[in-house]
Amino acid sequence: MAHRDNFTLGGNISASTNASANISTAAEPVTVKVLKTFCYCVIMLMSLIGNTLVITIIYRNKRMRTTTNKLIANMAISDLLFPLFAVPRETAQILIGKSRWLVGGVGGEILCKIVNFSQDISTAVSILSLVVIAFDRFYAVKFPFKPAIITPKMCRIIIVFIWIVAIGIHSPYFYTFRLKTVQNDLFCVNEWEPAFDSIPTQKVYFLIIFVVLISFPIAVITILYTAIAIEVWKQKGPAERSCQERQRREYENRKVLKQVVTVVVVFVSCITPITIFGCLVHFVWNLKLPPEVDGLNFRFSALFIMHSNAAISPCIYFIFNKNYRKDFIEIVQSYTRMFSGVKPSASDQSKLESRVVHATKQSTPRCQYI
């Protein structure tokens with residue numbers, strides 16, 4: 001008995017399959033499985049280390065706790081869900097077969113729901129955070145001499161709201177994902193029955209997620225950054241140079257914009273393949289992946305590119321932001337001393353304190369900048 005391959009578009013998008021019972025894992029060479037597993041292990045380590053460092057750097061230093069950096073930390077927290085849940089699940093499926101599940105009973109049922117739920121809300125949290133960052137940057141550029149509209153307290157509320165929205169949109173997962181036994185094999189499947197007609201409902205749900213969490217946010221982000229680019233170009237006149245503090249920090253401000261825009265471009269690039277794949281599955285292949293397409297590893301490639309975003313994003317922060325690089329070096333040096341038993345000298349401690357004081361003074365400009 002064969003079953004349709006159901007795909008869900010979550011947070012950003014993530015494909016989950018109800019693999020046909022007659023799919024054999026032996027059809028794929030061992031060398032290919034090893035290579036795929038190795039690639040996933042690499043992005044899992046990079047995601048865990050990179051995002052943990054980003055979170056640590058931002059919350060150990062007060063000068064780094066800007067609105068943009070707090071939202072970046074929020075994205076890093078959500079990105080940790082990929083190496084913790086999505087990557088182990090995909091690695092297991094490479095080795096034992098699509099959607100096959102190793103854990104049975106109530107615990108396996110709960111794990112089936114949580115794994116799919118957690119990885120999809122991660123993408124939702126990331127894209128909603130990028131929308132808020134774009135709005136914050138636009139306001140700062142449009143009204144450079146006004147106080148920031150997103151206060152620290154408001155930022156915390158927004159972050160909580162982002163998680164509530166992401167969780168709410170993907171709450172149906174706790175009903176649709178379940179364990180199913182087919183020919184003595186256990187599968188984690190995505191079915192809307194018996195409450196709903198599975199195929200039409202899944203298509204409608206996919207379309208809602210696509211519009212609410214993909215098309216509309218990306219359109220808003222594109223419009224805001226286009227407006228920012230126009231505003232920055234208009235502000236190159238003499239009036240802007242009347243504020244020496246803004247002129248002094250103009251170079252750094254542009255680097256912040258380059259960093260955020262790069263994060264957005266990479267994020268959109270990483271979710272585009274799985275978005276196209278999801279659209280084809282739902283509206284061209286009618287939720288049944290053709291054998292000739294399955295043999296091309298389209299699903300694996302699209303998912304791997306999406307999951308790799310969690311490993312690439314921290315690299316972007318360290319490349320574009322010297323404060324991240326400095327704090328990373330300080331963290332490495334402190335752990336090196338701790339494990340080697342060497343205490344920092346008085347001169348090193350004095351230099352570190354002077355850098356902190358200098359950075360703190362710089363973080364309070366006379367006029368608002370990007």
Side-chain angles (χ1 to χ4, degrees), residues 5-19 40 43-44 47-48 51 74-93 98-129 159-180 186-196 198 201-214 217 267 270-271 274-275 277-278 281-282 287 299 302-304 306-307 309-310:
D5 291 336
N6 289 347
F7 296 81
T8 60
L9 176 66
N12 309 296
I13 320 173
S14 158
S16 304
T17 61
N18 290 349
Y40 260 114
I43 66 169
M44 181 173 69
S47 301
L48 284 172
N51 288 295
N74 187 48
M75 293 169 59
I77 292 171
S78 71
D79 282 345
L80 284 175
L81 296 176
F82 278 116
L84 293 176
F85 293 99
V87 174
R89 196 275 298 272
E90 290 303 320
T91 304
Q93 290 190 359
K98 300 190 190 84
S99 292
R100 288 183 61 186
W101 208 250
L102 296 176
V103 184
V106 177
E109 187 91 18
I110 294 173
L111 194 60
C112 170
K113 298 176 185 294
I114 290 178
V115 167
N116 290 283
F117 174 77
S118 60
Q119 69 164 341
D120 280 6
I121 66 169
S122 172
T123 313
V125 168
S126 293
I127 197 164
L128 293 175
S129 297
I159 289 174
V160 172
F161 180 73
I162 286 173
W163 281 90
I164 291 174
V165 171
I167 291 171
I169 290 177
H170 294 97
S171 58
Y173 282 22
F174 289 106
Y175 169 76
T176 62
F177 280 94
R178 64 198 67 170
L179 295 183
K180 192 169 185 177
L186 197 62
F187 294 89
C188 176
V189 301
N190 178 40
E191 294 181 345
W192 290 82
E193 298 170 347
F196 305 93
S198 192
T201 307
Q202 178 58 31
K203 289 183 177 181
V204 171
Y205 182 69
F206 177 92
L207 192 60
I208 292 172
I209 295 294
F210 177 76
V211 172
V212 174
L213 291 178
I214 303 296
F267 178 82
C270 286
I271 68 170
I274 196 65
T275 305
F277 182 60
V281 168
H282 284 83
L287 274 73
R299 176 187 178 276
L303 270 177
F304 181 80
M306 185 189 76
H307 292 154
N309 179 73

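No experiment lies behind these values; they were computed from the predicted model shown.
To the nearest 0.5 Å, atom CZ of residue F82 and atom CG of residue N309 are 7.5 Å apart. For the atom pair CD1 (I121) and OG (S171), the distance works out to 11.0 Å, reported to the nearest 0.5 Å. Here the CG-CG distance, from D79 to N74, works out to 9.5 Å after rounding to the nearest 0.5 Å. Atom-to-atom distance recorded for I274:CD1 and L303:CG is 4.0 Å, nearest 0.5 angstrom. Separation of atoms NE2 (H307) and CZ (R89) is listed at 7.0 Å; rounding is to 0.5 Å. Rounded to the nearest 0.5 angstrom, L81 CG and N51 CG are separated by 10.0 Å.
For V165, the side chain to side chain contact (heavy atoms under 4.5 Å, CB included) criterion is met by L128, F161, I169, not counting sequence neighbours. Residues passing the ring pair (Phe, Tyr, Trp, His ring centres under 6.0 Å) test with F85, sequence neighbours excluded: none. Residues passing the ring pair (Phe, Tyr, Trp, His ring centres under 6.0 Å) test with Y175: none are found, sequence neighbours excluded.
Without hydrogens or angle criteria, K113 side chain to F177 main chain gives a donor-acceptor distance under 3.5 Å. No donor-acceptor distance shorter than 3.5 angstrom exists from the side chain of S122 to the backbone of S118, with no hydrogens or angles considered.
F206 approaches G278 most closely through the heavy-atom pair CZ-C, 3.3 Å. Between W101 and G108, the shortest heavy-atom distance links the atoms NE1-O, 3.3 Å. Taking both residues in full, the closest heavy atoms of G104 and L179 are given as CA-CD1, 4.2 Å, listed atom of the first, atom of the second, then distance. Across S129 and V125, no two heavy atoms sit closer than the pair OG-O, 2.7 Å. Considering all non-hydrogen atoms of both residues, A166 and A124 come closest at CB-CB, 3.7 Å.
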Step-by-step side-chain contact (heavy atoms from CB on, under 4.5 Å) determination, I271 to I214: CA-CA 9 Å; I271 68 170; I214 303 296; 4.0 Å; yes

Chi angles and distances behind the side-chain contact (heavy atoms from CB on, under 4.5 Å) call for W192, V204: CA-CA 12 Å; W192 290 82; V204 171; over 6 Å; no

From CA spacing to verdict: side-chain contact (heavy atoms from CB on, under 4.5 Å), L213, I208: CA-CA 8 Å; L213 291 178; I208 292 172; over 6 Å; no

Stepwise salt bridge (Lys or Arg N to Asp or Glu O under 4.0 Å) test for R178 and E193: CA-CA 11 Å; R178 64 198 67 170; E193 298 170 347; over 6 Å; no

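In this pair, H170 and F117 present their aromatic rings perpendicular. The plane angle is above 60°, beyond the 30 to 60° band.
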